[in-house]
There are 2 protein chains.
Amino acid sequence: MTVMETTPAPAPAKVDVCAAAPESHPRPNGQDRYTISEVVAFTGLTAHTLRWYERIGLMPDVDRSHTGQRRYSNHDLDWLAFVNKLRLTGMPVAHMVRYAELVRLGEETFAERQELLESTRRDVLNRMAELQDTLAVLDHKINFYAGTRPAPERD
Amino acid sequence: MTVMETTPAPAPAKVDVCAAAPESHPRPNGQDRYTISEVVAFTGLTAHTLRWYERIGLMPDVDRSHTGQRRYSNHDLDWLAFVNKLRLTGMPVAHMVRYAELVRLGEETFAERQELLESTRRDVLNRMAELQDTLAVLDHKINFYAGTRPAPERD
DNA sequence: TAGAACCTTGGAGTGCACTCCAAGCAAGCA
DNA sequence: TGCTTGCTTGGAGTGCACTCCAAGGTTCTA
């Protein structure tokens, strides 16, 4: 809970969020002021969901045009791609919001972020093991069904 | 929809459901008349969920005591174990109900059952690929966080 | 034979993750 | 300048998969 003094090291802001793999962006940095409908097209999320993410604190600090419309950056796109990955693991949104909060709080939260991701990692491995298990059962049954019939389209 | 004449072949009922792997049952066949709370203990599902499965057609034909209380068989336990595996894949309950319906309809539905399971199999493989992808991202970030700190409990 | 613990039902409620709505302002084009 | 399309908000609604409730009957142990 106690916030330490900011470290004097001149680390660039990007380091804090932990740069993602070098994904290509629709537009180069500097021209990256995407409207919400562009982000919809790039991410597959709906505009509703994007606004909702912002409301619950999962998508912080989206820039605005002078009239108040959202303008997303490449950095925002990277964040959304990461969130999407977490979402696919079945991670509850509340945990993602917690992670987003930790990112906002700065470098003091590196340890907790690491723990959170490691816990997620364990969940992912468990899910993969479950799926592998299920795959075996499915294959068993599929083979059974395939074997009981005269192989419709063979040859 | 049309129901064919019952096949004269004296196939045991078990064949139709496609026997699962030889899982050990709490009690041998013949003494397998489990109460709902026993099934809760074995499966980890709640009694609410078991009754709900029955109501929606996912858990058909559970035997009853002479006073109307449910008595589950080893066969029912096998079915629940399979349903649980499907559930873990994220398969919608409506699809599982469809599969249960096909089982009820008999051997004429083998082909459709196979298709349904093959489609599920593809979903499982896709999910596993997504998870593998996510795992790479998680590892990348975890390594980043681990590298920025003085390795707390090393040595 | 009493009392506790368990089981029954239909229907209503819950939590999650969106999803939609109405009313109004903004942006781009003929 | 008008018209169409897009964007804004808070709040209400949706769909899924459970989850719980009340009121009453059943089973088991002492």
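Chain identifiers are assigned alphabetically (A, B, ...) following the order of the sequence lines, protein sequences preceding nucleic acid strands; residue numbering begins at 1 within each chain. Only this structure's heavy atoms are used, side chains among them; waters, hydrogens and symmetry mates stay out.
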Whole angstroms only, please: what is the [atom1]-[atom2] distance between [X] and [N]?
X	N	atom1	atom2	answer
A:Ile56	D:dG10	CD1	P	14 Å
B:Trp52	D:dC21	CH2	C1'	18 Å
B:His95	D:dC16	NE2	C1'	13 Å
B:Gln69	D:dG25	CD	P	13 Å
B:Arg33	D:dT27	CZ	P	11 Å
A:Met91	C:dC18	CE	C1'	18 Å
B:Asp63	C:dC7	CG	C1'	15 Å
B:Glu38	D:dT27	CD	P	14 Å

Using a strict 4.0 Å threshold on nitrogen-to-oxygen distance, state whether [X] and [Y] make a salt bridge.
X	Y	answer
A:Asp63	A:Arg70	no
A:Arg127	A:Glu130	yes
A:Arg51	A:Glu54	no

Of B:Val93 and B:Ser65, whose nearest nucleotide on DNA chain D comes first from the 5' end?
-> B:Val93

Using a cut-off of less than 4.0 Å, is there contact between a side-chain N or O of [X] and OP1 or OP2 of [N]?
X	N	value
B:Thr67	C:dT8	no
A:Thr46	C:dC18	no
A:Arg87	C:dA17	no
B:Tyr53	D:dC18	yes
B:Arg55	D:dA17	no
B:Arg51	C:dC7	no
B:Thr35	D:dT27	no

Is there a side-chain contact between B:Arg71 and B:Gln69, using heavy atoms and a 4.5 Å cut-off?
->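 They are in side-chain contact.
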
Can you find a pair of side-chain heavy atoms, one from A:Leu117 and one from A:Tyr99, that are under 4.5 Å apart?
->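 Counting from C-beta outward, A:Leu117 and A:Tyr99 do come under 4.5 Å.
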
If you look at every strand shown and take non-hydrogen atoms under 4.0 Å, does A:Arg71 touch a base, only sugar-phosphate, or nothing?
->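 A:Arg71: no heavy atom of the nucleic acid under 4.0 Å.
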
Name the nucleic acid region contacted by B:Arg70, choosing base, sugar-phosphate or nothing; use a 4.0 angstrom heavy-atom cut-off, strictly under.
->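 Touches sugar-phosphate only.
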
First encountered from the 5' end of DNA chain C, between A:His66 and A:Thr49 = A:Thr49

Comparing A:Pro92 and B:Ser37 on DNA chain C - which has the more 5′ nearest nucleotide = B:Ser37

